[in-house]
Amino acid sequence: MNDIGNVDYAGLIPNNVELAHDTRVKHALERWHPGYLDWWNDMGPEGFQEKLVYLRTAVSVDPKGWAKFDYVRMPEYKWGILLAPAVPGRKIGFGAHKGEPAWQEVPGEYRAMLRRLIVIQGDTEPASVEQQRYLGKTAPSLYDMRNLFQVNVEEGRHLWAMVYLLQKYFGADGRAEAEELLQRRSGDPDTPRMLGAFNEKTPDWLSFFMFTYFTDRDGKMQLEALARSGFDPLSRTCRFMLTEEAHHMFVGETGVGRIVERTCQAMQEAGVDDANDIARVRKLGVIDLPTLQKKANLHFSLTLDLFGNEISTNAANAFHAGLKGRYREERIDDDHVLERGTYPVLRLKDHKIVNEDVPALSGLNMRLRDDYVADCNVGVARWNAVIDRFAVPFKIKLPHVAFHRHIGEFAEIHADAEGNILSDAEWQRRRDEFLPAEDDRAFIEGLMAPQYEPARFAGWIAPPKVGIDNKPGDFEYVKIA
Ligand code: BYC
């Protein structure tokens, strides 16, 4: 066994779960592997599969040095099963079982609920790879292409992470679920992915950056909540996934930030002061800020739907059972049981949006969503700081939570970005003010020409401040030739 850190890196499936001694699960995973590769080849990045990509591979779970960078062909990426180290004597931190030892096996009474959470989490991972399938063909640089593929292979690894839990702890049902995770397809009318946002298209690179900024951040929040789980293998799995997830949000935040920077710079060079003079800005070959705002509105609102209903018995049950906690549960100063107490939630009452205190357990989806919105605003402030640096009078702003919703209380109304309720007719008339319209989409798609020369970037995006793994600006992140 070639042990790098605490990871068995020698076999087909690198792991730190002693797979070599767990023949049942090892065989189940080995049987699943060819189907996974078929899925990757059919639905993973289109083209470039034979190219060498400078990727990081997790080879350890040591927080100080877990990744190794090297050129790899994507189908040969070592998708492994890595759990964060066990915390000796870990106790369940919330719910009815608070203070009891964390479970190492699935508690029978919660089996169905736990399986559902793991399957939903697992389903999002391949879905995002499917959504991003065609982007390599229009990559604005080799640096960006490499980041896309990095995100893709890691989402693939996150699927492995959930499949491991299903196959190890859920027997025949788990194996069936693992198969189905390879069968569903993003956007397919007959076999769609489970959650709405994962059936949308990611047609261009602005969408990709918005997706990795907003939707991967839902991933962060949900993984943070599952990392508190009383089911210790899920907790440890999610804790390690979070280390990888950080890069995905970095790609999103810096991607949008670099587009903002390039737009402001082009405006400054051309002496265009009015950010709303869309026609003049577009003539410069950059993405105007109002269109960028509309894309943010779209991706933010689609992602809010992923937090479920305002009032949720599922969320209450999962917390009560000790399966899914809150964001940074251990830092919250309360009893961690929540049988008393309330949480303020925005609701629709008599066709008005009002704040209502609901039982804290029922409002857990909204508590996580509020934490999410606060986290989103941090990066938005950084984008605005770039705009300020160029003294352009424009501010990017997250829309109201009632805007453009398909799940929950606000699904039945239309609201503008400020949260004013609109009639159906008014919404139809003004929709294009808030969301990308056909001509916006066509303009952005028209900009998406590939730039595959090392050190070169498409004209609508600024280069990054630093390279990946501290590589110099002309580094060949993907060997295209
Ligand atoms: N679409 O009680 P409710 C990521 C269903 S992203 C369709 O409010 P709950 C990633 C719901 O299933 C993170 N259906 O639901 C990011 C329920 O149906 P059933 C993924 C929806 O359970 C980028 C019914 O409506 N992980 O990792 O409280 C790239 C009642 O709803 C939707 C997780 O989500 C929807 N949007 O909340 C790659 C964590 N919303 O069961 C990866 C696991 C609700 O009554 N999932 N419904 O038939 C959960 O914790 C929860 O299931 C949810 C929903 C937060 C999703």
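All values reported here derive from a predicted model rather than from experimental measurement. All ligand and atom numbering here is 1-based and tracks the order in the structure.
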Show every donor-acceptor pair shorter than 3.5 Å between a side-chain atom in residues 407-415 and any protein atom, with sequence neighbours excluded, or say none if there are none.
residue	atom	partner	partner atom	Å
Glu409	OE1	Leu348	N	2.9
Glu409	OE2	Arg347	NE	3.0
Glu409	OE2	Arg347	NH2	2.8

Checklist entry - What is the closest protein heavy atom to atom 52 (O) of ligand 1, and at what distance does it sit? => result Ile120 CD1, 3.3 Å
Item to check | Within 45° cone and under 6.0 Å: Lys471 NZ/CZ vs Tyr477 ring | outcome: no
Next on the checklist: Would Asn365 count as a polar contact of ligand 1, with the cut-off being nitrogen or oxygen pairs under 3.5 Å?
Outcome noted: yes
Checklist outcome for this item: Judged by heavy atoms only, the candidate from Thr303, Thr215, Asn309 nearest atom 16 (C) of ligand 1 is Thr215
Checklist entry - What part of His158 sits under 4.0 Å from ligand 1 if we count only heavy atoms: the side chain, the backbone, both or neither? => result neither
Checklist entry - Heavy atoms only: which of Thr124, Val119, Leu223 is nearest to atom 42 (C) of ligand 1? => result Thr124
Checklist entry - Does the protein put a heavy atom under 4.0 Å from atom 27 (O) of ligand 1? => result yes
Checklist entry - Any idea which of Ala316, Ser312, Gly308 brings a heavy atom closest to atom 44 (C) of ligand 1? => result Gly308
Next on the checklist: Assess whether a salt bridge exists between Glu125 and Arg157, defined as any Lys/Arg side-chain N lying under 4.0 Å from an Asp/Glu carboxylate O.
Outcome noted: no
Next on the checklist: Between Asp218 and Thr215, is there a side-chain donor-acceptor contact under 3.5 Å, judged purely by atom types and distance?
Outcome noted: no
Item to check | Sidechain N-carboxylate O distance under 4.0 Å for Arg184, Glu180 | outcome: yes
Checklist entry - Given the rule in the ring pair (Phe, Tyr, Trp, His ring centres under 6.0 Å) test, do Trp205 and Phe209 qualify, once you have shown the distances and angles that lead to the verdict? => result CA-CA 6 Å; Trp205 278 77; Phe209 292 133; 5.7 Å; yes
Checklist entry - Among Lys324, Arg193, Arg405, which residue places a heavy atom closest to atom 51 (C) of ligand 1? => result Lys324
Checklist entry - Side-chain contact, heavy-atom cut-off 4.5 Å: Phe403 with Leu398? => result no
Checklist entry - Which of the atoms of ligand 1 are close to Leu306, meaning less than 4.0 Å from one of its heavy atoms? => result 36 (N), 55 (C), 56 (C)
Checklist entry - Which option out of Leu323, Asp123, Leu159, Asp216 puts a heavy atom nearest to atom 23 (C) of ligand 1? => result Asp216
Checklist entry - Of all the atoms in ligand 1, which lie at a distance below 4.0 Å from a heavy atom belonging to Gly219? => result 4 (C), 6 (S), 13 (C), 27 (O)
Item to check | Test item, Met221 contacting ligand 1 (heavy atom, 4.0 angstrom) | outcome: no
Checklist entry - Which of the numbered atoms in ligand 1 are below 4.0 angstrom from a heavy atom of Gln121? => result 4 (C), 13 (C), 20 (C), 26 (N), 27 (O), 33 (C), 39 (C)
Next on the checklist: Among all the protein's non-hydrogen atoms, which is closest to atom 21 (C) of ligand 1, and how far away is it?
Outcome noted: Ile407 CD1, 4.0 Å
Next on the checklist: Once salt bridge (Lys or Arg N to Asp or Glu O under 4.0 Å) is applied, do any residues pair with Arg217, and if so which ones, sequence neighbours excluded?
Outcome noted: Asp375
